[in-house]
Amino acid sequence: MNFDLADLRAFLAVADLASFRAASEALHLSQSALSRRIDKLEDALGVALFNRTTRKVELTVVGRTFVHKARNVLNELDSALLGIEDVAARLRGEVTLACVPSAVGHFLPGVIDRYHARYPAIRIRVLDEASSDVLLAVTRGDADFGLTYIGTQEADVDFRPLMDDAFVVACPTGHPLARRKRVRWQELGEHAYIALAQGSGNRFLIDQALAQTPERPRWFCEVRHVPALVSMVEAGLGIAVVPRMALPPAGKGQVVAVPLAEPSIVRSLGLISRRGRVLPPAAQLLYDLVVQGAQKRKA
């Protein structure tokens, strides 16, 4: 048949993104070049793979069947190439990981460094987004997999827990609470308190835990993301409740983490992927390295 692997990759990009424009951008091709690849593949197979209108692109019945076969062919090829060390070092491609900002700096840099050393020609895109956006990026196919703390209840998502991450009180090093062994929630109201805004996944977990608590600290400043919250604390503006992994290791930086009590709050951080879909080999290798990185942190 008169088609090649590039035509299969073009077909899968359009099938996954449901858009010729988005697929052409992802593949760094012009839309006309992409259309020629799809036309070439359809001519070779003798069937239409897409129903195209001015508003949307949909797979035909044959296209839906063929997408699984095309993906298996490319995955088998990638697996074979990744198993050959000399070829793997030159293998090209792209992996997209969606990750909540508070977890980006925890162990991800070391994982990416090891991955890049092994597969220097494979590009890694990290989408540092809020938890809801990480989930959305994975379910709609914008990311191969995600690192987050929500998704355990989603029917079309597999969640692999990696570690528990406790919320702590973040204090400037010279703050009165910085030397405490633990701090209760009711004590936070005595100090300048900075909070996460409504709509944040971490704020949702905090509100759930405090649902039966009559008195909550009154915030004087509110931000949307954890890194901004940590920056405020580092600047000495006040204290905040954040996930432990969002802070630098003990003894480094200008912020101290103090355990939180009555109630304590813990989130489960894990990897999410679309249920029923096998990760491309390059993405699976990065996925496995993230798991290994988490296991080393726990050891």
Side-chain angles (χ1 to χ4, degrees), residues 98-108 111 128-135 138 145-154 157-171 177-178 180-189 191 193-217 219 222-230 232-233 239-253 255-273 290-299:
C99 181
V100 289
S102 56
V104 169
H106 185 63
F107 56 83
L108 206 54
V111 169
D128 49 326
E129 303 283 2
S131 55
S132 57
D133 292 325
V134 169
L135 180 61
V138 172
F145 62 97
L147 180 59
T148 184
Y149 50 90
I150 66 172
T152 57
Q153 305 301 319
E154 298 294 325
V157 168
D158 286 322
F159 181 86
R160 177 171 182 170
L162 296 179
M163 63 179 64
D164 289 335
D165 184 27
F167 283 76
V168 297
V169 182
C171 309
L177 296 179
R180 295 277 298 275
K181 291 185 177 180
R182 69 172 52 84
V183 177
R184 294 175 297 171
W185 272 96
Q186 66 183 43
E187 299 177 83
L188 301 185
H191 306 274
Y193 181 70
I194 310 167
L196 287 167
Q198 292 282 355
S200 159
N202 286 307
R203 172 65 181 267
F204 176 74
L205 294 178
I206 292 172
D207 287 345
Q208 270 193 322
L210 298 180
Q212 305 302 320
T213 303
E215 294 185 11
R216 304 185 188 186
W219 55 267
E222 189 178 67
V223 299
R224 293 186 61 188
H225 299 295
V226 171
L229 197 61
V230 175
M232 294 284 191
V233 176
I239 63 172
V241 172
V242 300
R244 177 64 186 86
M245 69 171 52
L247 299 178
K252 297 182 179 180
V255 179
V256 175
V258 183
L260 187 61
E262 298 182 19
S264 59
I265 307 174
V266 178
R267 66 179 188 174
S268 178
L269 188 77
L271 291 169
I272 60 171
S273 56
V290 173
V291 173
Q292 293 171 20
Q295 291 172 342
K296 288 181 179 178
R297 289 280 179 168
K298 292 167 65 176

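Atoms considered below: every heavy atom in the structure, side chains included; atoms not considered: hydrogens, waters and symmetry mates.
For the pair Asp165 (side chain) and Arg244 (backbone), a donor-acceptor distance under 3.5 Å is present. Put simply, the side chain of Trp185 never gets that close to the backbone of Ala261: no donor and acceptor are under 3.5 Å apart. Side chain of Asp158 to main chain of Ser273: no donor-acceptor pair is present (N/O by atom type, distance under 3.5 Å, no hydrogens or angles). In this structure, Tyr149 contributes its side chain and Val100 its backbone to no donor-acceptor pair below 3.5 Å.
Looking at every heavy atom in both residues, Ala246 comes nearest to Val230 through O-CG2, 4.1 Å. Across all non-hydrogen atoms, the minimal contact from Leu177 to Cys171 is CB-SG, 3.8 Å. The nearest pair of heavy atoms linking Val223 to Met232 is CG1-CE, 3.9 Å. The two residues Ala294 and Leu162 make their nearest non-hydrogen contact at CB-CB, 3.9 Å. Between Leu108 and Val104 the shortest heavy-atom distance is CB-O, 3.1 Å. Nearest heavy-atom pair across Val256 and Ala178 is CG1-O, 3.5 Å.
Using a 4.5 Å heavy-atom cutoff, the side chains of Leu147 and Leu269 are in contact. Inter-residue side-chain proximity for Pro243 and Val226 is flagged as met; some heavy-atom pair is nearer than 4.5 Å. Between Arg203 and Glu222, some side-chain heavy-atom pair lies under the 4.5 Å cut-off. Put simply, the side chain of Val168 reaches to within 4.5 Å of the side chain of Leu247, judged on heavy atoms. When side chains are defined from C-beta on, Ser102 does not count as touching Val242, because their heavy atoms never get closer than 4.5 Å. Looking only at side-chain heavy atoms (C-beta outward), Leu271 and Phe159 stay at 4.5 Å or farther from each other.
Here the straight-line distance linking atom CG of Leu260 with atom CD of Glu187 works out to 10.0 Å at 0.5 Å rounding. Here the CG atom belonging to Leu135 is positioned 12.5 Å from the CD atom belonging to Glu129, to the nearest 0.5 angstrom. A distance of 9.5 Å separates CG of Leu188 from CD of Gln186, quoted to the nearest 0.5 Å. The structure places CZ of Phe204 at 11.5 Å from OG of Ser132, a figure rounded to the nearest 0.5 Å. Rounded to the nearest 0.5 angstrom, Arg216 CZ and Asp207 CG are separated by 5.0 Å. Here Phe167 contributes atom CZ and Asn202 contributes atom CG; the two are 4.0 Å apart, rounded to the nearest 0.5 Å.
Looking at Arg267 and Ser131, their side chains never bring a donor and an acceptor atom within 3.5 Å of each other.
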Please report the C-alpha distance between Arg224 and Leu196 in whole Å, then the side-chain angles of each, then the deciding distance to 0.1 Å, and finally whether the side-chain contact (heavy atoms from CB on, under 4.5 Å) criterion is met. CA-CA 6 Å; Arg224 293 186 61 188; Leu196 287 167; over 6 Å; no
Should Cys99 and Val134 be marked as a side-chain contact (heavy atoms from CB on, under 4.5 Å) after you check the CA-CA gap, both sets of side-chain angles, and the distance that decides it? CA-CA 6 Å; Cys99 181; Val134 169; 5.6 Å; no
Stepwise side-chain contact (heavy atoms from CB on, under 4.5 Å) test for Glu262 and Arg182: CA-CA 10 Å; Glu262 298 182 19; Arg182 69 172 52 84; over 6 Å; no
